[in-house]
Amino acid sequence: MSYTALAIALIFVAIPLVLSKTLKLGLERDTIIATVRSIIQLLLVGFVLQFVFDAENVVYLVLMIILMIAAATENARKKGKNIPGITWKLVVTFVFVEVLTQGILLGLGIIPPTAQYIIPISGMVIGNSMVLSILFLNRFTAEMSSRRDETELILSLGGSAKQAVHRPLMTSIKASVIPTIETQKTIGLVQLPGMMSGQIIAGADPVQAVLFQLLVLFLLLTTAVITSIMLGYFSYPTLFNERVQMIE
């Protein structure tokens, strides 16, 4: 795609701007900011990736992954600001998920050990883990707030912190994982996933594109479950003091 074609494609930004202005939705400023940021960020990433691919240096590869984890942590931690130590909990979760998935992919020879494969897949894994973290933290904090009386009742009857938090924790884990599972149920019927569509547009064999997309789907399923479970079990103990009382 040429820069001219991309400029013409801005018509898809102009349409929501006109509709927002006409209906007085007040979305113009946010739409413009989002558009400008996406253009700048993606172009910068494109040039950086080109440099990393050409350099073929493992140091640059690791730095890219660290940058992804740092950005994901910064974005997700805002949703769990009431949970003590949420930053390190997120970092450990993201690092574990990345090491686990890449360890399996590279260790079993599923993908070649090159930046061209590792970076895009890492981006999808870490990005999905970030989204799942936000979904989980949103739901978990809401559940703990709405079930506070129930939690304190269980504690007053001699229950442990784990027993008191079991229902809201399990509910939050399930709620954050369900969207990933439901998406997989309708994949290929309701939508063609981004990775698969991109490969087909680039001229790849549709069957090969499907195989790579299935690989990504399997990765994202593991990412979703592990992220929610790890973050849940990291988070709930810090909501109680040493006397097993809920922290205000």
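One is the number of the first residue; the rest follow in order along the sequence.
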Do [X] side-chain atoms and [Y] backbone N/O form a donor-acceptor pair below 3.5 Å?
{"X": "Ser20", "Y": "Pro16", "value": "no"}
{"X": "Thr222", "Y": "Leu219", "value": "no"}
{"X": "Ser172", "Y": "Pro168", "value": "yes"}
{"X": "Thr141", "Y": "Asn138", "value": "yes"}
{"X": "Ser235", "Y": "Gly232", "value": "no"}
{"X": "Thr227", "Y": "Ala224", "value": "no"}

With rounding to the nearest 0.5 angstrom, report the [atom1] to [atom2] distance, [X] to [Y].
{"X": "Leu10", "Y": "Ile39", "atom1": "CG", "atom2": "CD1", "value": "5.5 Å"}
{"X": "Thr31", "Y": "Leu19", "atom1": "OG1", "atom2": "CG", "value": "10.5 Å"}
{"X": "Thr93", "Y": "Glu98", "atom1": "OG1", "atom2": "CD", "value": "13.5 Å"}
{"X": "Ile66", "Y": "Thr73", "atom1": "CD1", "atom2": "OG1", "value": "11.5 Å"}
{"X": "Ile121", "Y": "Ile119", "atom1": "CD1", "atom2": "CD1", "value": "11.0 Å"}
{"X": "Leu231", "Y": "Leu135", "atom1": "CG", "atom2": "CG", "value": "11.5 Å"}

Closest heavy-atom contact between [X] and [Y]?
{"X": "Pro112", "Y": "Ile118", "result": "O-CG1, 4.4 Å"}
{"X": "Tyr233", "Y": "Lys162", "result": "CE2-CE, 4.3 Å"}
{"X": "Arg139", "Y": "Ala175", "result": "NH1-CB, 3.2 Å"}
{"X": "Glu28", "Y": "Lys21", "result": "OE2-CA, 3.1 Å"}
{"X": "Thr101", "Y": "Val97", "result": "OG1-O, 2.8 Å"}
{"X": "Ile126", "Y": "Ala72", "result": "CG2-CB, 3.8 Å"}

* Can you tell which of Leu63, Val62, Ile69 makes a side chain to side chain contact (heavy atoms under 4.5 Å, CB included) with Ile65? ->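 Of all the options given, the one that passes is Ile69.
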
Please answer: with hydrophobic residues joined when any side-chain heavy atoms are less than 4.5 Å apart, are [X] and [Y] in the same cluster?
{"X": "Leu108", "Y": "Leu100", "result": "yes"}
{"X": "Val48", "Y": "Leu67", "result": "no"}
{"X": "Leu106", "Y": "Leu61", "result": "yes"}
{"X": "Met170", "Y": "Val177", "result": "yes"}
{"X": "Val216", "Y": "Ile110", "result": "yes"}

* **Reference residue Phe234; test ring pair (Phe, Tyr, Trp, His ring centres under 6.0 Å); the match among Phe94, Phe140, Trp88** =>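 For Phe234, the ring pair (Phe, Tyr, Trp, His ring centres under 6.0 Å) test succeeds with only one of Phe94, Phe140, Trp88, which is Trp88.
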
* Run the numbers on Leu211 and Leu215 for side-chain contact (heavy atoms from CB on, under 4.5 Å), then give the verdict. => CA-CA 6 Å; Leu211 295 179; Leu215 168 63; over 6 Å; no

Side-chain heavy-atom pair [X], [Y] within 4.5 angstrom cut-off:
{"X": "Gln102", "Y": "Ile111", "answer": "yes"}
{"X": "Ile32", "Y": "Leu17", "answer": "yes"}
{"X": "Lys79", "Y": "Ser133", "answer": "no"}
{"X": "Ile134", "Y": "Lys78", "answer": "no"}
{"X": "Ile83", "Y": "Leu137", "answer": "yes"}
{"X": "Leu44", "Y": "Gln41", "answer": "no"}

* To do: Output all residues satisfying ring-ring contact (aromatic ring centres under 6.0 Å, His included) with Phe51, sequence neighbours left out; order by chain, then residue number.
  =>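 If we apply the ring-ring contact (aromatic ring centres under 6.0 Å, His included) test to Phe51, skipping adjacent residues, the hits are Tyr60.
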
* **Neighbour count >12 (heavy atoms, 6.0 Å) for atom CD1, Ile33** =>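 Atom CD1 in Ile33 is packed in, count exceeds 12.
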
* Asked: Taking it one step at a time, do Thr223 and Leu132 satisfy side-chain contact (heavy atoms from CB on, under 4.5 Å)?
  -> CA-CA 8 Å; Thr223 299; Leu132 265 295; 6.0 Å; no

* **Non-neighbouring partners of Glu74 that pass side chain to side chain donor-acceptor pair (under 3.5 Å), sequence neighbours left out** =>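 Here the qualifying residues are Arg77.
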
